[in-house]
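One structure is given here, and the rest of the page talks about it.
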Amino acid sequence: MPQTAEKFLPGKFSRSGFIAFGLTTGLCLFMGELLAAVAAAAAAGLCLAGTHQGKTHQNAPWPQLRAFFLTALILALVSAIWLGPWPLSHWLYALPLVLFAMAPVYLAAIVTVIFIFLVLAGTQWAIALPDRHQMMTALVLTTLLGAILVFMREYKSRQLAPAPYR
């Protein structure tokens with residue numbers, strides 16, 4: 001039965017996520033929020049290039065598309081901190097988990113550290129909102145919680161991996 005869920009759920013979630021982010025992109029374009037539309041379009045692209053019907057796309061051009069959409073999402077969110085709009089900051093909480101889901105662990109860790117530094121620097125110096133300190137604390141704690149979840153995932157995958165044949 002777990003094999004059925006592994007085949008069914010990623011495909012359904014990726015299609016529904018693609019549709020939801022596509023509608024969000026259209027709504028943001030209609031409202032004139034270009035940076036929010038770019039972030040939503042990049043998230044829709046990640047849903048499309050991620051998994052489909054229980055299979056991950058491993059052959060070209062899918063890895064390159066995932067890297068392109070992930071880079072576009074990171075750039076849009078970091079730009080939103082430095083340039084505005086401030087309401088895009090809620091997307092920042094999910095980005096470390098998306099990084100660890102879409103990229104190799106070593107690369108995701110490096111990009112996450114750089115990303116957190118850029119966000120903390122941007123909220124400290126570029127924004128004069130009183131609630132920026134709450135956002136910074138919540139972002140760091142959310143990232144640490146995500147790091148714990150990734151560590152547990154990697155630990156379990158190593159435990160469940162077949163033993164080497166001797």
Side-chain angles (χ1 to χ4, degrees), residues 9-53 56-58 60-150 153:
L9 289 177
K12 291 290 184 187
F13 284 140
S14 66
R15 281 192 293 276
S16 60
F18 174 73
I19 291 169
F21 284 127
L23 292 173
T24 304
T25 302
L27 182 63
C28 290
L29 285 174
F30 178 73
M31 294 173 50
E33 296 287 337
L34 184 61
L35 206 50
V38 169
L46 281 174
C47 289
L48 183 65
T51 60
H52 181 65
Q53 295 179 352
T56 57
H57 298 297
Q58 300 298 334
W62 298 109
Q64 292 82 6
L65 283 174
R66 276 194 299 272
F68 171 75
F69 288 128
L70 191 58
T71 304
L73 183 61
I74 291 169
L75 291 176
L77 294 180
V78 171
S79 298
I81 287 296
W82 287 86
L83 305 173
W86 180 253
L88 257 168
S89 65
H90 64 277
W91 287 57
L92 298 174
Y93 299 108
L95 191 60
L97 288 176
V98 171
L99 278 168
F100 280 102
M102 295 285 178
V105 175
Y106 70 91
L107 182 61
I110 293 168
V111 173
T112 299
V113 168
I114 293 169
F115 167 74
I116 293 294
F117 174 76
L118 289 174
V119 169
L120 292 178
T123 55
Q124 185 64 31
W125 295 305
I127 298 173
L129 293 174
D131 57 346
R132 72 179 186 268
H133 298 292
Q134 293 173 350
M135 193 285 274
M136 290 169 35
T137 305
L139 180 64
V140 170
L141 290 175
T142 304
T143 303
L144 289 175
L145 179 63
I148 291 170
L149 292 173
V150 168
R153 180 193 71 186

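For Phe115, there are no ring-ring contact (aromatic ring centres under 6.0 Å, His included) partners at least two apart in sequence or on another chain. Scored by the side-chain contact (heavy atoms from CB on, under 4.5 Å) test, Phe18 finds Ala44, Cys47, Leu48 as partners (sequence neighbours excluded). Qualifying side-chain contact (heavy atoms from CB on, under 4.5 Å) partners for Ala42, counting only residues two or more places apart in sequence or in other chains: Ala72, Leu73. For Ala41, the side-chain contact (heavy atoms from CB on, under 4.5 Å) test picks out Thr25, with sequence neighbours left out. Residues passing the side-chain contact (heavy atoms from CB on, under 4.5 Å) test with Thr24, sequence neighbours excluded: Cys28, Ala40.
For Phe100 against Thr112, the heavy-atom pair with the smallest separation is CE1-OG1, 3.7 Å. Considering every non-hydrogen atom in both Val38 and Ala76, the closest pair reads CG1-CB, 4.0 Å. The two atoms that bring Arg66 and Leu46 nearest to each other are O-CD2, 3.7 Å, heavy atoms only. Of all heavy-atom pairs spanning Ser79 and Leu35, the tightest one is C-CD2, 3.9 Å. Across all their heavy atoms, Leu139 and Leu92 have their closest contact at CD1-O, 3.6 Å. Counting all heavy atoms, side chain and backbone alike, Thr143 lies closest to Pro96 at OG1-CG, 3.7 Å.
Counting only residues at least two apart or in different chains, ring pair (Phe, Tyr, Trp, His ring centres under 6.0 Å) contacts with residues 24-48 are absent.
Considering Ile114, Leu107, Val113 as possible partners of Val111, the one that fulfils the side chain to side chain contact (heavy atoms under 4.5 Å, CB included) test is Leu107.
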Apply the test side chain to side chain contact (heavy atoms under 4.5 Å, CB included) to residues Ile74 and Leu99: give CA-CA distance (whole Å), side-chain angles for both, the deciding distance (0.1 Å), then the verdict. CA-CA 9 Å; Ile74 291 169; Leu99 278 168; 3.6 Å; yes
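Annotation: side chain of Leu145 is not in contact with side chain of Leu141 (no heavy-atom distance under 4.5 Å).
A 6.0 Å sphere centred on CZ of Phe68 holds no more than 12 heavy atoms belonging to other residues, nucleotides or ligands.
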